[in-house]
Amino acid sequence: MTQTYQLFIDGQYCDPAGGEWFDTINPYTGETWAQIPRGGADDVDRAVKAAKRALENGPWATMSASARGKLMRRLGDLVAANAEWLAETEVRDNGKLLAEMAGQVRYHPEWWYYFGGLADKIEGSVIPVDKPDLLTYTTQEPVGVVAALTAWNSPLLFIAWKCAPAIAAGCTVVIKPSEYTSASTLEFMELTKQAGFPDGVFNVVTGFGAETGARLVEHPDVAKITFTGSDTTGRAVYQSAAKGLKRVSLELGGKSPNIVFDDADLDAAAAGVVSGIFAATGQTCIAGSRLLVQNSIRDRLVDKLVAMGRTAVIGNPMLPDVNIGPVTTPPQYKKIMDYIDVARAEGARCVLGGQRACGPDLDRGLFVEPTIFVDVTNDMRIAQEEVFGPVLSVIGFDDEADAVRIGNDVIYGLAAGVWTRDIGRAVRMTKALKAGMVWVNTYRAVSYMVPFGGIKSSGLGRESGLQAIDEFLETKSVWISTSDTPPANPFIQR
Ligand code: NAD
């Protein structure tokens, strides 16, 4: 018995205007478990108009920032109270480990608490302007209707990252989740109702990227786009948004180096490398998909990684002792297997995995063995292009300068890891690496307090942390004359 979902527009669940739905599949069982509405141009228009009405009229437009913050904290409490089933919905759709998704959803409320607390601390400034008869100050105003487009790997987390600062700023949102993992976003809307958000503040239009997503991006009443996805789609979104001169932030892909020096704690580094590439079945933007290892310790480290990879349990993501779940989508599975072929053809040597994982418990879903390639050079496609799967490319380096050169020699600049006991080297590396985030002797840590985002082809703007709220604000400068006499000469500029 499959579940049939509805769109969420103007505070109500409703059917799509076109009366069409599409299947959503459980990646572990390979079975359709729900029907997702196929939103069309009319639905997008209704959702954006509802968001615009809520922004300009009605209770949200006049609500105090403190009251906004209270609603956000209430929403955080509701997410905490409902974390278990939300996480299960997420796993049913994206196939990631319940252990990881439950942790993620339990952590999710922190974004509502943090940004809810910031809502009434958004301040302008009084400027001691150089014209004594003028009072001049700035105010910070919501940028407008925000379109939030999310990727399939962590839909609920992305709602928190995008919507918490947007809502704190006083914006209203229309969310377009990935067509592969829309259910949890639709379920989440019920909590926004229970929290008491006015109608139209949150809206969700589900559907396909090139159809529903593209319509949303080009809608004239959308002021700001916050996008998480591939750099290919990100570029298309950026081009479309440029026509309307819309504000854009982009969280895109990566090919992040995890760099291990010969003075590192090798056991800790091995665990960090494994967590960087095999956690979430490698389906994470911050995957440390290039292991840069100093040549003097290369074989020792690779042996440790192979041993750890061999013991990884592949299987049902709902089970607590499973380490690697299925790949989320059939196109993603094909892409991973194609890259494994490319790596072999390029001359890389596979020392672990490299096959579809099969077995009585695995045959319905699409599982890929944790895979390690050695003898990789940084000019190979397997070293340059994002695989978004459990495939590690091992590249040797001689010294620090070599590590920096190879580390930076990709189009991406999302994240990097450095493993060394030498504090001076650690600091030098954090400065030299061209990435939005650098971890030293750890990997894949995130927090609502710490900016997240990349440079180069990994995107524009930052999510989380104090500055995230600026992505959803416009500055207005106000000039008030305190003079009681008219200007001496109205024909010249003051
Ligand atoms: P994707 O680019 O295929 O899709 C992302 C979203 O954009 C989806 O909602 C999709 O429906 C929509 N979309 C697709 N075509 C569109 C179009 N023409 N116009 C408007 N919207 C469109 O990405 P994906 O496969 O869902 O996600 C994987 C990618 O996301 C990887 O590259 C990964 O690195 C990246 N990612 C980045 C971050 C980050 O924070 N930097 C986090 C997670 C994932």
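Order of appearance sets the numbers: ligands from 1, and atoms from 1 within every ligand.
- A side chain to side chain donor-acceptor pair (under 3.5 Å) check over residues 236-247, counting only residues at least two apart or in different chains, returns the pairs Arg247-Glu474.
- Of all protein heavy atoms, the one lying nearest to atom 27 (O) of ligand 1 is Ala151 CB, 3.3 Å.
- Using a 30° and 60° split on the angle between ring planes, Tyr28 and Phe367 fall in the perpendicular class, above 60°.
- Side-chain contact, Ser154 with Lys96: a donor N or O sits under 3.5 Å from an acceptor N or O.
- Counting only heavy atoms from C-beta outward, the side chains of Ser182 and Tyr5 never approach each other to under 4.5 Å.
- In this structure, atom 7 (O) of ligand 1 lies nearest to the protein heavy atom Phe227 CE1, 3.2 Å.
- Contact annotation for Gln332 and ligand 1: no heavy atom of the residue comes within less than 4.0 Å of the ligand.
- Aromatic ring centres of Phe202 and Phe8 lie farther apart than the 6.0 Å criterion allows.
- For Tyr448 and Trp112, the distance between ring centers is not under 6.0 angstrom.
- Taking each of Gly254, Ser458, Ser230, Gly234 in turn, the one with a heavy atom nearest to atom 23 (O) of ligand 1 proves to be Ser230.
- Heavy atoms of Thr228 found under 4.0 angstrom from ligand 1 belong to the backbone as well as the side chain.
- Near Trp152, with a cut-off below 4.0 Å to any heavy atom, the atoms of ligand 1 are 24 (P), 25 (O), 26 (O), 27 (O).
- For the 3.5 Å distance criterion, the side chains of Ser458 and Asp231 fail to qualify, holding no donor opposite an acceptor.
- Considering Ile225, Ile286, Thr233 only, the shortest heavy-atom separation from atom 1 (P) of ligand 1 involves Thr233.
- Here's the thing with Trp161: none of its N/O atoms is less than 3.5 angstrom from an N/O atom of ligand 1.
- Compare Gly229, Gly207, Ser178 by their heavy atoms: the one nearest to atom 35 (C) of ligand 1 is in Gly229.
- Using a non-hydrogen distance threshold of 4.0 Å, Gly459 does not register as a contact of ligand 1.
- Aromatic rings from Trp439 and Tyr443 are positioned such that their centres are separated by under 6.0 Å.
- Of the protein's non-hydrogen atoms, Cys285 SG, 3.2 Å is the one closest to atom 39 (C) of ligand 1.
- For atom 10 (C) of ligand 1, the closest heavy atom belonging to the protein is Glu179 OE1, 3.6 Å.
- In this structure, the protein non-hydrogen atom closest to atom 8 (C) of ligand 1 is Thr150 O, 3.2 Å.
- Contact atoms of ligand 1 toward Leu252: 34 (O), 37 (C), 38 (C), 39 (C), 41 (N) (distance under 4.0 Å to a heavy atom of the residue).
- The shortest contact between atom 12 (C) of ligand 1 and any protein heavy atom is with Gly209 CA, 3.9 Å.
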